[in-house]
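It should be emphasised that the depicted structure is a prediction, and the values quoted were computed from it without experimental measurement. Chain A is the first sequence line, chain B the second, and so forth, proteins listed ahead of strands; every chain is numbered from 1.
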There are 2 protein chains.
Amino acid sequence: MKHIAESTVRRLSLYLRFLEQSRREGKDTISSGDLAGLGGTTSAQVRKDLSFFGSFGTRGLGYSVSALSRRIREILGLEREWRVVIIGAGKIGAALAQYRGFADRGYRIVGIYDVAPARIGVSLDGITVRDQKELEGDAARLKPEIALLAVPPTAAQTLVERAAKAGIRGILNFAPAQIHAPAGVEVRHVDMALELEILSYALTNARKK
Amino acid sequence: MKHIAESTVRRLSLYLRFLEQSRREGKDTISSGDLAGLGGTTSAQVRKDLSFFGSFGTRGLGYSVSALSRRIREILGLEREWRVVIIGAGKIGAALAQYRGFADRGYRIVGIYDVAPARIGVSLDGITVRDQKELEGDAARLKPEIALLAVPPTAAQTLVERAAKAGIRGILNFAPAQIHAPAGVEVRHVDMALELEILSYALTNARKK
DNA sequence: CTCTGTGAACATCTTCACAGCT
DNA sequence: AGCTGTGAAGATGTTCACAGAG
């Protein structure tokens, strides 16, 4: 398959939300224009995004809400359950452990790890925090696929490598650190401080529009 | 000034981190190639990014670490203190309240709000959580400029409007909800579930590279 | 007549390549 | 010689506009 732009995948994920909302509202079909209105893009953009994966619409009518939802879930890999571990049981790790948005989408937290003795043994959202050293050893039992990395920036790189050894193939990094991804491991960043800086840039330079 | 791409601003923010790291390591000057290496781009990209704002390098030598840091802080609006309120004192709001990365960059938390009686009156990181209803009334005293919105998706839109009435001009939204920004208010999103979906897309479609 | 699917036009962002300081 | 600053070329992403299906 041709390479798909990240911006397209991001919008697909948004479309899925709108589709689920539409389903709750009892709609059976939805047009590219409707989807665009909900998401702040254009109908052409919606159609182009979907066209990369096939043609699932009906001319003159629009898209079947349920069929398109199913197809997008399939494209994004949401038809299966993902086994996720949280590395770092500080405030952010703890918040992630109970975040509803993950469970709702089939991401199942199977383990939580930390280094601090004070945190090890504590139960977070029904899961006992274990020592980071156990990560590799636990791998055979837990079969983790994705890690949410919520540790101090200085520890991030080491833990990425440990996660890779535990067989983890995808990492969502919350630490404000640039990390080198081992081969075969996909790393994405959620960088709150950076987003806030982009926001203050926008506020500081607000009369350019 | 010409319009600057968001990707450029994002990289600027990264360059600043590398510059601060270089400063700690005692470096006085740094070349575009060095900066590129740390950030995973190219030297041409670094020079182009900086060129939008002027020319601060010395040919044959590179950039002064301290001068460039200062200039980027200025561009991003980090030379001043920003007054920030957190709306939503659940797990995520609480984690944001104590997040070091914000304080380090001059973002000062001046208030925390929630609706739940159980949370109102509690102290988080030295700040007492107040009723959301007080937001507008507190505005004259607190002069908030930025809000971190960490509430359930259904409540997000209402609170954006309340924040706008309190004089807030920038909102960093953590709720997985598409929100309509009132005029003059800049809204950015940190959407963890969405990032995780982009990750699972990448893992599901991993043999395309 | 409505709404999709898609090449072609356009706009934006990145990389190249080199002139010009130091 | 080393490294910046920048037009020009190239790549990538978005919008237009219309043929064609229902």
Side-chain angles (χ1 to χ4, degrees), chain A residues 1-15 18-19 22 27-69 71-72 75 198 201-202 208-209, chain B residues 1-15 18-19 22 27-72 75 198 201-202 205 208-209:
Chain A
M1 182 193 291
K2 203 169 81 249
H3 178 254
I4 303 295
E6 180 185 314
S7 50
T8 292
V9 178
R10 166 170 271 112
R11 284 190 298 264
L12 240 38
S13 190
L14 284 175
Y15 301 156
F18 303 140
L19 286 164
S22 297
K27 286 189 184 160
D28 280 351
T29 63
I30 192 166
S31 70
S32 57
D34 295 341
L35 272 175
L38 295 167
T41 50
T42 66
S43 61
Q45 181 76 78
V46 173
R47 295 198 302 277
K48 180 66 87 177
D49 285 339
L50 297 176
S51 78
F52 293 127
F53 302 95
S55 45
F56 344 109
T58 308
R59 291 168 194 232
L61 227 189
Y63 303 87
S64 150
V65 170
S66 62
L68 186 56
S69 297
R71 191 68 183 90
I72 293 181
I75 292 165
I198 299 176
Y201 169 83
K208 42 124 221 295
K209 174 42 79 52
Chain B
M1 181 193 289
K2 203 168 84 249
H3 178 254
I4 303 296
E6 180 184 314
S7 49
T8 293
V9 179
R10 166 169 271 114
R11 284 188 299 265
L12 241 38
S13 191
L14 283 174
Y15 301 156
F18 304 139
L19 286 164
S22 297
K27 286 188 184 162
D28 279 353
T29 63
I30 191 165
S31 71
S32 57
D34 296 342
L35 272 175
L38 294 167
T41 51
T42 65
S43 61
Q45 181 76 80
V46 173
R47 295 198 301 277
K48 182 65 88 177
D49 285 339
L50 297 176
S51 78
F52 293 128
F53 302 95
S55 46
F56 342 109
T58 308
R59 289 165 196 235
L61 227 189
Y63 302 87
S64 150
V65 170
S66 63
L68 187 56
S69 296
R70 200 167 331 113
R71 191 67 183 91
I72 293 181
I75 292 165
I198 299 176
Y201 169 83
N205 305 275
K208 43 123 222 297
K209 173 44 79 52

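Judged by closest nucleotide on DNA chain D, B:Gly33 is the one of B:Gly33 and A:Thr42 placed further toward the 5' end. Between A:Leu61 and B:Gly57, the residue anchored closer to the 5' end of DNA chain D is B:Gly57, taking for each the nucleotide with the nearest heavy atom. Of the residues near DNA chain C, A:Gly60 and A:Ser51, the one whose nearest nucleotide (by heavy atom distance) lies more toward the 5' end is A:Gly60.
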Step-by-step side-chain contact (heavy atoms from CB on, under 4.5 Å) determination, A:Phe53 to A:Ile4: CA-CA 9 Å; A:Phe53 302 95; A:Ile4 303 295; 3.9 Å; yes

side-chain contact (heavy atoms from CB on, under 4.5 Å) assessment of B:Tyr15 paired with B:Thr41: CA-CA 11 Å; B:Tyr15 301 156; B:Thr41 51; 4.1 Å; yes

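Among the protein residues, A:Phe52 comes within range of no part of the nucleic acid, since none of its heavy atoms lies under 4.0 Å from any strand. Using a 4.0 Å heavy-atom criterion, one finds that A:Ser7 contacts the sugar-phosphate atoms exclusively.
Put simply, the side chain of B:Arg59 and the base of C:dT22 share no donor and acceptor less than 3.5 Å apart.
Side-chain nitrogen and oxygen atoms of B:Tyr63 include at least one within less than 4.0 Å of the OP1 or OP2 phosphate oxygen of D:dG5. Taking side-chain N and O atoms only, B:Gln45 has a distance below 4.0 Å to OP1 or OP2 of C:dT15. For the pair A:Thr58 and C:dT4, the criterion of a side-chain N or O lying under 4.0 Å from OP1 or OP2 is not met. At D:dT4, one or more side-chain N or O atoms of B:Ser32 fall inside 4.0 Å of OP1 or OP2 (strictly under the cut-off).
For the pair B:Ser64 (side chain) and B:Ala67 (backbone), a donor-acceptor distance under 3.5 Å is present.
Between A:Ile75 and B:Asn205, the shortest heavy-atom contact is O-ND2, 3.4 Å.
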